[in-house]
Each structure stands twice: as structure tokens, then as C-alpha cells.
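Remember, it's 1-based here, ligands and their atoms both numbered in the order they're listed. The first residue of the sequence shown is numbered 1, and numbering continues consecutively from there.
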Amino acid sequence: MKVTGIVLAAGVGKRMNSAFPKVLHKILGRPMISYPVDALKAVHPERIVIVAGKWMDEIKKALKDDAITYAIQKKPMGTADALLKAKRYLGDLDGTILLCNADTPLITHYTLKKFLNHHRVKRNTLSFISFNTDSPSQYGRVIRDESGRVCGIVEDKDATKRQKEINEVNSGIYAMEAEALSCIKKIQPSLVSGEYYLTDMVEIIYRENGKVGTYPIKDSIEAQGINTRADLSRAIDMMRARIISKWMDEGVTFIDAGRVFVEPAVLIGRDTIIYPNVYLEGNTAIGQGCTIYPNVRIIDSSIGDDAVIKDSTLIEESRIEGSSSIGPFAHIRPRSIIGRGAKIGNFVEVKKSTIGSGSKAMHLSYLGDASIGDGVNIGAGAITCNYDGRMKHKTVIEDMVFIGSDSQLVAPVRVGKGAYIAAGSTITRDVPAGSLAISRAEQRHIEKWALRKKTEHRKQKTENKKQKTKNR
Ligand code: UD1
Ligand code: CA
């Protein structure tokens, strides 16, 4: 049976008090609208139409999905008008329409599938997902006739005092047969807001003896609409909890499950332990048996099995191989590869560099545009000088090299296999394999310098005193 998915996203979202549209506000790194769109996709509709307004281009850019069709509603005149715009765009529709508001991101595809099935089994002309809530004020209330049949939806703005007391509300998710669309034209604008309400279809179909029904869901979280920043914050927390709970089922330990943020596309291996205040973002994949200590943020990176990421570390677009140790306070910048068993320690910044397996840079280093072999030791404070003010240059450090503390490697430069760089050296030329490079001033001693300095100081003091008495 043919299904067309429609997402309404042309509203202004005034209650968000924002310079950009509500549906592009992010929930765990992804725009709000992408959630209902993905849930719809999982139902395999023939096509998905998004009704967008002034921000259509921004929405297109955010979703990057050529399979989606867009219909424009230039002026947001209400949800019924938005649906009418989609209809115009689609021409003669047949089959079932599954319609979601774009601001209902917590809905799951499981529920959508069950809902669609329910709609078909009941042979309704129109069905909608409803739920009960103790705080119904931002939802349309479900009105029932004496026999308990649904006969309308009344918006909060338009509701009487008695209707406001109703706890059964509309989620903004509908399934309707294409023929139901013919009644949109009969919808009159609300006397209170001037908007054309899609929800008025319920009353019209009821009056015309069509079959209208609700699909009540128990988990009202799924149907939460986002209208304000407070709603958004709650939705982020709910989505967060949902993802964390899934990873707990998959065998991941969270020391404080309430304070870890894992974006939807992230993967985490079994027996990995995650401490509080960790952010795992984008297309990050964490291996098995890893430990991620507090305040770590990992973006679009892969972490091999048994790696340890110590406190307050930032890793971006990089690959960290298994059994390595990164941090505390390390910054791994894009396009870096940290080899197996390597150690990157305190206050070390790595940029666009490859570090071989078992190599170590434990303290206060900058390694940029470097290719570093296996078993290399980078001493404390050693840095690559990769930038000449105009261009970036490469540093090559071959296997088993020892770089003494506080050395500078002025790129382009190559340090041959097994070579040693003496501490405090500034290396400007290639170092042959197996040699020691030393480029610092030789140490000399000035005998009795300290004693002389002391005597001079004393003399000066007596002189100053004399001057003072004279001036008095
Ligand atoms: C709507 C429903 C309400 C339901 C609630 C569930 C109507 C009239 N009311 O109310 O019964 O309980 O959702 O969350 O439908 N939009 C457009 N064009 C417009 C107006 C809105 O595309 O002209 C889009 C918005 O971008 C949004 C969705 O429709 O994604 C819902 O609009 P919103 O203004 O948030 O409706 P609610 O007042 O929440
Ligand atoms: Ca809403």
C-alpha cells in the first residue's frame, strides 16, 4: 500500500526566540527535523515531502538528502494551509499519508509502524497519535462525543475553560487516506489566531460520517512537541538517556549515566568504561575495553580496542589505534593517526601527524605535519617548527629516534633511523641515521661569579645609604 510521508516545517517557532528556525535547532548534534524524517524513512514511504517556508534552503542544506521533495509555504498560515501546499505539490495523491510535525523529534519508527498498522486495521479515514498528560497546555485537546467517539480537536488558544481541563491531547502525528484531503478547503481560520488548523479536519470528517480514531500511546515522551528552549532541553535529555540506555544494553559501562553525551551515529564497543562529562560526537567509533576518563570530547574519530583516553582530552577527526594512551590534557587535531600502544601525554598537541606504534610524547609538545616512526621517544617540550610564516613543512622522524627535551625541529627536516637529538638542540638540517645531533652553545663556567656579584651588591647598598643621609 502506498504511503507518502509529509513533515510540516514552515512554522516560525516564535516561542524559541531565535534568529534561525526551530526545526534546525540541534538535538545531540543533529537538526531537530532530521529525527522525524528518519523515523518516517524507516516506514519506507514512496516519497517524503517537507513543507518549508522562508528557511527552505537552510533546511535542505542541513538534511543533505536528494530523495526528499520540498513544498513551499511562503507565509505560515497554519498547519492546514501547510498541508494544502504539500498537496498542491504532490498533485493527485492516493494511498495513505503519514504526517508529522517537524517539532516532534522523539517519535520512534517502531511507534510509527504500529500506528500505521492500527490506522489500516481500523480502516479509519484519519487517525492521530494521542496521549495523556498532566500538563496539556501546549497541545490540542481531544474532544469526544457522548458515545466516546472522537469528534474534534480544540487548540489551547481556542479552548473553553472546561475543554482546557481535558488531559487527552493530540501529538501532531496523523495517518490519513488521500480522500480526506478534500476536506481541507472547508477549514475556516480560527477566530482567535486567524490560522487554518489541520486539526479541524477531525471535526469535519466526523460530521461527514467518516471514520476518525486515535492511537493512544503510553510513552508520552515520544510525542513531546518542542516549542520552547525548555522543551528543547528536555528533548535533548530524553534523547540522550535513550541512547545511553541502548549502549548499556550493548555492554558499555557509564560511571554516571546522566552526564554523558553520545550522538546518534556513534558506536561503542563492549566493556568500554565511560566517566562523566564525556562528549562523543559525529561519526565516532570507540572500540572494546576502552576507558574514557572525565571531560573528554571526541569528534568524528575512531579509537581502537583497549585504548585509554585520560582526563580533559580533545580528539578531532583522527584515528587512535588500539592499546594507546592519550592525555590527560592532550589535543589531537584533525588527520592524525596515533599508532598502536603509543602514548601521548600531558599538554601535547598533535596536528595532521602520524605517530608510529609504541612511540611516546609524554609532556608539553607540539607535533604538527610530522611523520613519526615506531618506538620514537619525544622528550618534554620538544616541538616541530612546521610553519615559516607562509607555508607549512613536514618533519620526518624515523623509527627508534630519541628527541631530547626542549628541542626544536625546524621543518622541512628528517631525522634518520635510531638517531639521537641532544636536549635543547635546534635542528635545521637532516640528521643521519644512528648519529647524535647537538646544536646548543657549549657549557662554560665563570669561576667565583656568585661571590663577585654579592660583593658588588653590598657596595651598592652602602653607597645608596650615604647618598640618602647627604640629601637630608
Ligand atoms: C500543533 C497542533 C496541536 C498538537 C501539537 C502537537 C495544530 C493546529 N495544532 O500545535 O493540536 O497538539 O501540534 O505538538 O496543528 N507549521 C507549518 N506551517 C504553519 C504552521 C506550522 O509548517 O503555518 C509547522 C511547524 O513548523 C511545526 C508544526 O507545523 O513543525 C506544528 O506547528 P506549531 O505551531 O508548533 O503547532 P502547535 O501549536 O504545537
Ligand atoms: Ca509545536
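Distance check for N227 against the Ca ion (ligand 2): an N/O/S atom falls below 3.0 Å.
In this structure, the side chain of R229 engages the main chain of M16 through a donor-acceptor pair within 3.5 Å. Formation of a donor-acceptor pair under 3.5 Å by the T284 side chain with backbone atoms of D300 is found in this model.
Within the listing of ligand 1, atoms 17 (C), 18 (N), 22 (O) sit less than 4.0 angstrom from a heavy atom of A82. Listed by number with element, the atoms of ligand 1 under 4.0 angstrom from any heavy atom of N227 are 35 (O), 39 (O). Less than 4.0 angstrom separates some heavy atom of G140 from each of these atoms of ligand 1: 3 (C), 4 (C), 11 (O), 12 (O). The contact set between ligand 1 and Q73, taken as ligand atoms under 4.0 Å from a residue heavy atom, comprises 17 (C), 18 (N), 19 (C), 22 (O), 23 (O). Near S171, meaning under 4.0 Å from one of its heavy atoms, ligand 1 places the atoms 6 (C), 14 (O).
The protein heavy-atom contact nearest to atom 16 (N) of ligand 1 is G11 N, 3.5 Å. For atom 1 (C) of ligand 1, the nearest non-hydrogen atom of the protein is N101 ND2, 3.7 Å. Of the protein's heavy atoms, E155 OE2, 2.7 Å lies nearest to atom 11 (O) of ligand 1. For atom 27 (C) of ligand 1, the closest non-hydrogen atom on the protein side is L8 O, 3.7 Å. Counting only heavy atoms of the protein, atom 23 (O) of ligand 1 lies nearest to G78 N, 2.7 Å.
Ring-plane geometry between Y215 and H118 is classed as tilted, the angle between the planes lying from 30 to 60 degrees on a 0 to 90 degree scale. Below 30°, between 30° and 60°, or above 60°: for Y293 and Y275 the angle between ring planes is between 30° and 60°, a tilted geometry.
Summarising the contacts of atom 35 (O) of ligand 1 with D103, V154, V7, the nearest heavy atom is found in D103. Of the listed options D200, T79, L83, I6, T79 places a heavy atom closest to atom 32 (O) of ligand 1.
The atom of D103 nearest to the Ca ion (ligand 2) is OD2, with the search restricted to N, O or S atoms.
In terms of N/O distances under 3.5 Å, ligand 1 is approached by A102. Residue-to-ligand polar distances place A10 within reach of ligand 1: an N/O pair is separated by less than 3.5 Å. Close N/O approach between L198 and ligand 1 is not found [any backbone or side-chain N/O within under 3.5 Å]. An N or O contact shorter than 3.5 Å links N170 to ligand 1 by distance. Of the polar atoms of M77, at least one N or O is found under 3.5 Å from an N or O of ligand 1, judged by distance alone. Residue V23 has no N or O atom closer than 3.5 Å to an N or O atom of ligand 1.
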Begin from the C-alpha positions of I274 and I268 and carry the test side chain to side chain contact (heavy atoms under 4.5 Å, CB included) through to its verdict.
-> CA-CA 10 Å; I274 301 184; I268 312 174; 4.0 Å; yes
Using the side-chain hydrogen bond (donor to acceptor under 3.5 Å, both in side chains) rule, take S357 and E321 through it: C-alpha gap first, then chi angles, then the decisive distance, then the call.
-> CA-CA 8 Å; S357 60; E321 290 178 355; over 6 Å; no
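When the shell of 6.0 Å around NZ of K360 is examined, it contains 12 or fewer heavy atoms from other residues, nucleotides or ligands. Heavy-atom contacts from other residues, nucleotides or ligands closer than 6.0 Å to OH of Y110 number 12 or fewer. Shown here is K14, whose NZ atom has no more than 12 heavy atoms of other residues, nucleotides or ligands within 6.0 Å.
Taking CG of N277 as the reference point, atom CD1 of I292 lies at 13.5 Å (rounded to 0.5 Å). Note that CZ of R319 is 11.0 Å distant from OG of S336, once rounded to the nearest 0.5 Å.
The shell of residues lying under 4.0 angstrom from ligand 1, judged by heavy atoms, includes R15. Contact between D81 and ligand 1 is absent, with no heavy atom of the residue lying under 4.0 Å from the ligand. Under the 4.0 angstrom criterion for non-hydrogen atoms, T199 is in contact with ligand 1. Under a 4.0 Å heavy-atom criterion, K22 is in contact with ligand 1.
Residues K246 and D249 are not paired through a salt bridge, judged by the lack of any N-O separation under 4.0 Å between the basic side chain and the carboxylate. Classification of E281 and R297 as a salt-bridged pair holds, one side-chain N sitting under 4.0 Å from a carboxylate O.
A ring-ring contact (aromatic ring centres under 6.0 Å, His included) with F261 holds for exactly one of F254, Y279, W247; it is Y279.
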